[in-house]
Amino acid sequence: MAKSLFPQEMLENSVSEFTLESIASKMDYFVAQIQLVHWQTPSHAEHSALNFYDAVHDFKDDILEKLMGYEGRKVKAFPRLPVKDGVMAMNLIGEVVSFAHELMEWAESKKYCDIENIAQSLSGEAAKTKYLLTQS
């Protein structure tokens with residue numbers, strides 16, 4: 001079994017235990033980690049592909065605002081998960097794809113139709129980014 005790049009505290013949340021706060025925390029982590037990898041890469045092509053962090057930021061905002069509507073409450077403070085040096089871009093984007101799938105399944109179980117759609121779009125944008133990373 002491959003070791004995940006997620007901090008252990010992120011792995012402890014299963015799909016059935018998603019909350020506004022755990023989703024916000026994961027999305028916040030993705031934005032920060034992708035941006036750090038974007039800044040650290042020596043490859044211009046990878047640097048450009050990793051502008052994906054802007055899209056992830058927009059997805060985070062859209063997901064959380066709609067979830068607050070579905071849940072009927074505002075998001076509470078959540079833990080800021082630490083970013084790490086030396087994370088491989090392709091692995092990181094693969095984790096986004098996995099998270100998007102889990103979010104889609106969770107949203108389906110809750111009948112949050114638009115969250116399913118957004119999760120699918122997030123997965124698609126991540127897949128396109130993975131393709132762009134093959135060009136570097």
Side-chain angles (χ1 to χ4, degrees):
M1 178 183 222
K3 184 174 178 174
S4 175
L5 61 92
F6 282 112
Q8 185 59 39
E9 53 270 29
M10 286 179 76
L11 296 174
E12 293 168 1
N13 290 329
S14 70
V15 171
S16 63
E17 297 176 4
F18 273 178
T19 64
L20 288 173
E21 292 74 24
S22 70
I23 293 167
S25 185
K26 287 183 182 184
M27 293 296 296
D28 186 65
Y29 169 80
F30 284 133
V31 172
Q33 187 66 63
I34 294 167
Q35 189 167 34
L36 180 63
V37 174
H38 166 84
W39 289 331
Q40 290 180 339
T41 183
S43 163
H44 178 70
E46 186 171 289
H47 180 83
S48 294
L50 291 173
N51 281 326
F52 176 58
Y53 72 85
D54 282 330
V56 176
H57 178 273
D58 292 342
F59 279 111
K60 177 180 81 169
D61 195 52
D62 199 25
I63 288 168
L64 269 294
E65 288 177 357
K66 288 177 180 172
L67 279 175
M68 286 187 279
Y70 282 123
E71 297 276 314
R73 70 176 184 88
K74 294 181 181 178
V75 69
K76 296 177 182 168
F78 56 88
R80 300 281 181 169
L81 300 167
V83 296
K84 299 178 182 176
D85 288 321
V87 171
M88 300 298 295
M90 192 65 82
N91 295 342
L92 177 59
I93 304 306
E95 294 283 351
V96 173
V97 171
S98 295
F99 172 76
H101 180 76
E102 291 172 5
L103 180 62
M104 183 195 69
E105 288 183 335
W106 175 81
E108 180 181 27
S109 75
K110 302 278 278 184
K111 297 187 178 11
Y112 294 169
C113 298
D114 201 39
I115 302 302
E116 289 180 69
N117 295 335
I118 298 166
Q120 291 172 0
S121 293
L122 174 60
S123 178
E125 287 300 313
K128 183 169 76 176
T129 301
K130 285 178 76 173
Y131 162 71
L132 293 172
L133 289 171
T134 68
Q135 305 301 302
S136 57

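Counting begins at 1 with the first residue of the sequence.
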Point to revise | Rounded distance [0.5 Å steps], CD in E102 versus CZ in F18 | key: 5.0 Å

Can you list, pair by pair, the side-chain donor-acceptor contacts under 3.5 Å of residues 118-127, counting residues two or more places apart and other chains?
residue: S121; atom: OG; partner: N117; partner atom: O; Å: 3.3
residue: E125; atom: OE1; partner: K128; partner atom: NZ; Å: 3.4

Exercise for review: List for me each residue that meets side chain to side chain contact (heavy atoms under 4.5 Å, CB included) alongside K130, sequence neighbours excluded, and say none if there are none.
Suggested key: M90, I93, V97

Pairs of donor and acceptor atoms involving the side chains of residues 71-79, under 3.5 Å and at least two apart or interchain, shall be tabulated with distances.
residue: E71; atom: OE2; partner: Y112; partner atom: OH; Å: 2.5
residue: R73; atom: NH1; partner: E21; partner atom: OE2; Å: 2.9
residue: R73; atom: NH2; partner: E21; partner atom: OE1; Å: 2.9
residue: R73; atom: NH2; partner: E21; partner atom: OE2; Å: 3.4

Check your understanding: What residues, two or more places apart in sequence or in another chain, satisfy salt bridge (charged side-chain N to carboxylate O under 4.0 Å, His left out) together with D114?
Key -> K66

Study note, to complete from the structure: Residues M27 and V56: closest non-hydrogen pair is CE-O, 3.7 Å

Point to revise | Close side-chain approach of D62 to F59, heavy-atom, < 4.5 Å | key: no

Review point. Rounded to the nearest 0.5 Å, what separation is found between the OH atom of Y29 and the CD atom of E95?
Key: 7.5 Å

Exercise for review: Might you point out which heavy atoms bring G86 and Q40 nearest each other, and give the distance in Å?
Suggested key: N-OE1, 3.8 Å

Exercise for review: Would you confirm whether Q33, through its side chain, and K84, through its main-chain N or O, come within 3.5 Å as a donor-acceptor pair?
Suggested key: yes

**Study point:** Results of side chain to side chain contact (heavy atoms under 4.5 Å, CB included) for H38 - residues two or more places apart only
**Key:** H47, L50, N51, Y53

Check your understanding: Who pairs with T19 by side-chain hydrogen bond (donor to acceptor under 3.5 Å, both in side chains), at least two apart in sequence or on another chain?
Key -> S22

Check your understanding: Any chain of hydrophobic side-chain contacts (each under 4.5 Å) joining L67 to M104?
Key -> no

